[in-house]
Amino acid sequence: MRLLPAILANGVLFAAALGFGASLRRLFPQTFSPIDRFAFTLLGGLGLLGTVLFCIGQFWFSGTAIVVILFLGLALVAKPAARTIRNARAMLSHVSAPLWPAAIVAVVLLATAVGGSALPTGDMNHDSIAYHFLGPKVWLRDHLIHPVPDEIQTAFPAVIETQYAALMFLGGQRAPRFFAVVSLLSLLLVAASLALRMGLDRSGAWWTAALIVTMPAVYSGAYGGFVDVLFAAFVLAAARVAFDAETPGHYVLVGLMCGFATAAKYTGLIAWVLLVLSCFVSLVFLGRRKSSVALRHLGISCAVAAVVALPFYMRNWLVLGSPIVPPPPLLSKFFLVRYLSPDAVGQFQAYIFERGRGLGRGLGAYLLLPWNLTLHTSNFHGAGGIGLAPLSLGPVGLAAARRDWFCNSIALFAFGLTTAWFWTQQESRFLIHVYVIAAIFAVLGWRYLALWPSRYAQLLSSATVACSLIYGLIMILPARRTDIHAAVSSSFEAERRVREIAFLESFDFLNDDPSVTKVLITDPYVPGFYSNRTYIKPLGRWGEQTVPDASDLGKILPTLPSLHITHVLDVAWPHGAFRLPDHPPGLTLVFQRPDQRVFRVD
Amino acid sequence: MITHSEESFSNYRPDPTRSRTPPETLWLRLVELWLSAVLAAFLVIRVFGSETAGHIFSRIVSSHVR
């Protein structure tokens, strides 16, 4: 029963997304198969729903607003759903799935569903606690979508996080973690659509899905609040339709998907530009269109993508002073960011540069990238990597499909994405779209080798696929064990919260005491996500300064009444010290534990 | 304007695994070598070199041998 609200909330959001997505069906190419249509309806719907929530949430983000928007989606889905239910028997009779890959996909999705229903725990090293879930929680409390001043990463494009907020409102804090199932499903659907278009049969598409879902680096981009998998799904959807597009409507669809990707992550900007370039090359250099026609059509895509992404970047520019926050090196020369000093911006850029250096940025490292990504995954924060099949069978698949212009266009796009990733930030989960393409080529290569007159090559290629799948399952499933345990056992979940949430007793005190209205958190690394009360952190972990003289608590304490602060949370990390003296003026100690204390403002 | 008169792009459903001539023996051997080398490297570095997965694999192998 504890898990039911989270599951129902995701069901409602899923249905509402399908409703919004149904409004895009007129843009779909006539040749789309049912699976193409379903994948694009879902992805288009998720993108539209997130964008609508974001735009309206700039002015009104109460529970009523969320319910009205979701209800609109549900109203739109009613008619298509009724039609689907009427035709369900006929449709199901056509559905067939090979046992092994379908079972693998089902097992991983089931583990994700159960494990993803556990309450979020952890410290600021978890991106979900630090900002993916923090933003939605604060927005719901403030009835407004806005960047949280002490955590500048809440200013990132938020087309997915706005849906986390809706899920949190409907189903509590478990619901956004359960959303990993929807994210993975979206990616697998669009991967299947792409795999079928690239020449695989249904069985091949299932094997592709199994390879993708057992790539630990892909999985980590969906689980625990990460948005990378859904972002990759938007990019792949754009590519799926872009190279086949013929009418202006198709190009509008490409633009929408590019816009949603750009509204999900900054790296969407790079993917958008590269897709347009790849498309232009594919259209013009293969003699399929005149350059003027190609430019006009791609211009439609760019215009639509810009309109979709504009609110996210314009909001940042208006509120924080820069469209991209924190700004990258080039932009930081022209834009000053509110809350962040130029030094803090420089330190953030240095951190990103250092984190994303992988095994170097030289030509040798570039040429060895496929090898290193497969075998030395930790250098790319790869969470276990991508298995063996892409490196081993991908080149064979590329060779097998060398005369297919669509496959060549997709390969060109993947090559561009990989190169851009290599020069910017080599973080494994930022390359999920390429991993999906690599998995499709791997299955193409496997199928190709099955026709060869070498029993040994066939055996080796099957062993490669089996090894990839087993390795992925071994990396993914045992890591879900504690989450699954927490989801099914309330006592274990309570124990785990105590163990994994620092200063939980103080948060419980502050959340339960009705006299608490606004809290000052003195330490930048205390996760504000666990506070159900409005709070102020003078200094954020990236150097954000939310009040004047943020680094000097002595100057802040006299201003607490004017800031309407009622309580102060002061903590000491292991081997650290409290930030406030034992008897700070104007404060009374009301709660104490060995490493944490709460003061009331007199 | 579409500058080709072939079948519609969107209708095109290639199957690259079909209609291929048998590969030359040299290519066959090279591909076999490549697959063997990558599989061996992966098993050594990622599986048996990895603490978690390697431990599980070792246990499976050792129980099987026993």
Side-chain angles (χ1 to χ4, degrees), chain A residues 29-32 196-201 204 243-246 250 287-290 292-293 371 374-377 384-385 387-388 391-393 395-397 399-407 444-445 447-454 456-457 460-461 463-464 467-468 470-471 474-475 478-479, chain B:
Chain A
Q30 293 289 317
T31 51
F32 261 17
L196 292 168
R197 177 64 189 86
M198 287 169 71
L200 286 169
D201 56 10
F243 294 111
D244 270 344
E246 288 177 347
H250 301 166
R288 295 168 47 219
R289 296 280 196 287
K290 285 180 181 170
S292 56
V293 178
W371 185 265
T374 304
L375 299 173
H376 303 291
T377 61
L388 170 62
L391 174 65
S392 190
L393 296 167
V396 182
R402 66 188 179 280
R403 294 201 185 94
D404 183 301
W405 66 266
F406 186 88
C407 290
L444 278 170
R447 289 299 166 92
Y448 182 47
L449 287 176
L451 301 174
W452 278 30
S454 164
Y456 185 53
L460 276 174
S461 57
T464 295
C467 184
S468 272
I470 294 168
Y471 170 80
I474 287 174
M475 294 300 286
Chain B
M1 184 191 294
I2 299 172
T3 57
H4 69 102
S5 57
E6 305 158 42
E7 79 272 57
S8 166
F9 298 126
S10 313
N11 287 325
Y12 184 50
R13 289 287 184 277
D15 183 356
T17 61
R18 286 189 192 145
S19 309
R20 298 271 173 246
T21 51
E24 301 289 333
T25 309
L26 176 65
W27 282 113
L28 199 72
R29 296 289 165 259
L30 278 176
V31 169
E32 286 173 354
L33 190 66
W34 168 252
L35 294 176
S36 313
V38 176
L39 183 59
F42 189 81
L43 288 173
V44 169
I45 298 173
R46 287 305 309 161
V47 178
F48 295 108
S50 149
E51 208 172 306
T52 319
H55 184 61
I56 294 165
F57 263 79
S58 305
R59 271 171 46 183
I60 294 168
V61 170
S62 61
S63 64
H64 184 69
V65 168
R66 236 182 280 130

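Lettering follows sequence order; numbering is per chain, from 1.
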**Message:** Show, in sequence, the C-alpha distance, side-chain angles and deciding distance for Leu39(B) and Leu460(A), and conclude whether the side chain to side chain contact (heavy atoms under 4.5 Å, CB included) test is met.
**Reply:** CA-CA 8 Å; Leu39(B) 183 59; Leu460(A) 276 174; 4.0 Å; yes

When you compare the side chain of [Y] with that of [X], does any pair of heavy atoms fall below 4.5 Å?
X: Val31(B); Y: Trp452(A); value: yes
X: Leu449(A); Y: Leu35(B); value: yes
X: Cys467(A); Y: Leu43(B); value: yes
X: Tyr456(A); Y: Ser36(B); value: yes

**Request:** Determine the interplanar angle of the Trp34(B) and Trp371(A) rings, folded into 0 to 90°, and report it as parallel if under 30°, tilted if 30 to 60°, perpendicular if over 60°.
**Result:**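 Aromatic pair Trp34(B)/Trp371(A) classed tilted.
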
**Message:** With chain B as the partner, which of Gly387(A), Gly385(A), Gly204(A) has the greatest number of non-hydrogen pairs under 4.5 Å?
**Reply:**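 The option with the most such pairs is Gly387(A).
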
**Request:** Output all residues satisfying side-chain contact (heavy atoms from CB on, under 4.5 Å) with Ala479(A), sequence neighbours left out; order by chain, then residue number.
**Result:**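 None.
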
**Item:** Partner set under side-chain contact (heavy atoms from CB on, under 4.5 Å) for Thr377(A), not counting sequence neighbours
**Value:**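 If we apply the side-chain contact (heavy atoms from CB on, under 4.5 Å) test to Thr377(A), skipping adjacent residues, the hits are Arg46(B).
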
